**Student:** 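What follows is a structure written as C-alpha cells; I'll ask about it next.
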2 protein chains.
Amino acid sequence: MARAATTTDPFNAVAEPRRRQILDLLAGGERAVGDLVEELGLGQPQVSKHLRVLREVGLVKAREEGRRRLYRVDGRALKPIHDWVKGYEALWSERFELLDDVLEDLEKERSDDTRD
Amino acid sequence: MARAATTTDPFNAVAEPRRRQILDLLAGGERAVGDLVEELGLGQPQVSKHLRVLREVGLVKAREEGRRRLYRVDGRALKPIHDWVKGYEALWSERFELLDDVLEDLEKERSDDTRD
DNA sequence: AATATATATACCGATATCGGCATATGTCAA
DNA sequence: TTGACATATGCCGATATCGGTATATATATT
C-alpha cells in the first residue's frame, strides 16, 4: 500500500487552487480552453490536464464548437462537498466561536497555574 | 517550480479521506488519539500525523489531559470551504439540473445528426 | 529510579502530482 | 492538399504525500 486515491473525487479535484480558479472562471459562463489559458497565465497543456481532472469527476462538461472546446461548470458534483461541510455549519456560528474561545482561555489559565 | 502548496489550506487537509473520517469522529465529541487509532484501524503514528495536519490548518484543537491529548474540531476553519462551495449552490437546484440535462440532450442530438 | 503508557517525530519506499516541453490529433482555411 | 490553429496526450524531473517501522519525548505508576 502506498497512497490513497487522488483525483477520483471532487474533494481532491477541488483541493488544487488552479482548478478552483478554473471553476471560478467557468462560473461566469462557458469558456474555451484558450481563453482559460490566457486568463490563468498557465501553459495550455496544463490547463487541458486540469480540465481533464475536472471532467473526470464531473465538475465540468465540454461542448465542441468547431475546433474549440467550450467548457462549463456542472455544479452538481460539488454537492457532496457542500453536504459534508454543511454538517459542520453550526460549529462556526457566533455562539460556538465564543465557546471555543472560552475553552482556549480556560486552557491558558490552567497552564498558567501550572508554573510555580 | 514543481508543485503547489499542499497541506497549507483546509481544502487540501480535507481532501484526504482519512482526515475527513477523523473530523467526522471528532464531530461526535472530544477524543484521545488512542481512541481514534482504534476506531480508524490505522497505525498510531499515522493518526498523529493526520492530526498534525488538521492542527496546522486550524481544523482541530488539542487539550492535554495527563498523558493523553484530547482533540476536538474547530469548525471555523471549514468556513472558507463552505463559503466557496456556497457560491455554486444554485447550480445544483432542480431547475439547473434540468437545464444541464437538456443541454446534454441537445448535444447528443447534434452529434447524432452528424452521422450520415 | 525503573517501567509502562500515550503521543509525536524521523526516516524509508512507493507512488501521485504538478509544471514544462514536445508531439499527436482534429478542425478550419487557402 | 497543405498549412495554420486549437486542444489533448505523453514523457520528464522535482517534490509532496501516504503508510510502515523504529524511536524519541513526556507523563503516570510502581
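Reminder, nothing fancy here: chain letters follow the sequence lines and each chain counts from 1. Since this is a predicted model, take the numbers as computed values, not measurements.
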**Student:** If the condition is salt bridge (charged side-chain N to carboxylate O under 4.0 Å, His left out), which residues does B:R69 pass it with, not counting sequence neighbours?
**Tutor:** B:E64
**Student:** Go through the structure and list residues passing salt bridge (charged side-chain N to carboxylate O under 4.0 Å, His left out) with A:R55, not counting sequence neighbours.
**Tutor:** none
**Student:** Under the rule for salt bridge (charged side-chain N to carboxylate O under 4.0 Å, His left out), what residues qualify as partners of A:R52, not counting sequence neighbours?
**Tutor:** A:E56
**Student:** Is the distance from OP1 or OP2 of C:dT9 to the nearest side-chain N or O of B:R52 less than 4.0 Å?
**Tutor:** yes
**Student:** Taking only residues two or more places apart in sequence or in another chain, which ones pass side chain to side chain donor-acceptor pair (under 3.5 Å) with B:R67?
**Tutor:** none
**Student:** Only distances under 3.5 Å count here; give the side-chain donor-acceptor pairs of residues 42-50 of chain A to other protein atoms, sequence neighbours excluded, each with its distance to 0.1 Å.
**Tutor:**
{"unit_1": "A:Q44", "atom_1": "NE2", "unit_2": "A:S48", "atom_2": "OG", "d": "3.1"}
{"unit_1": "A:H50", "atom_1": "ND1", "unit_2": "A:R19", "atom_2": "NH1", "d": "3.2"}

**Student:** Mind listing the residues from residues 20-40 of chain B sitting with a heavy atom below 4.0 Å of DNA chain C? Number order is fine.
**Tutor:** B:A32, B:V33, B:G34
**Student:** Has B:R68 got a side-chain N or O lying under 4.0 Å from the OP1 or OP2 atom of D:dA28?
**Tutor:** no
**Student:** Can you work out whether B:L70 or A:H50 has the more 5'-proximal nearest nucleotide on DNA chain C?
**Tutor:** B:L70
**Student:** Which parts of nucleotides 23-30 of chain C does protein reach within less than 4.0 Å, heavy atoms only, written one letter per nucleotide 5' to 3' as B for base, S for sugar-phosphate only and - for none?
**Tutor:** ----BB--
**Student:** Which nucleotide wins on minimum distance to the side chain of B:E16, given the candidates C:dT9, D:dC18, C:dG19?
**Tutor:** D:dC18
**Student:** Side-chain donor-acceptor contacts of residues 32-40 of chain A below 3.5 Å, not counting sequence neighbours, with atom names and distances?
**Tutor:**
{"unit_1": "A:E39", "atom_1": "OE1", "unit_2": "A:R31", "atom_2": "NH1", "d": "3.0"}
{"unit_1": "A:E39", "atom_1": "OE2", "unit_2": "A:R31", "atom_2": "NH1", "d": "2.4"}

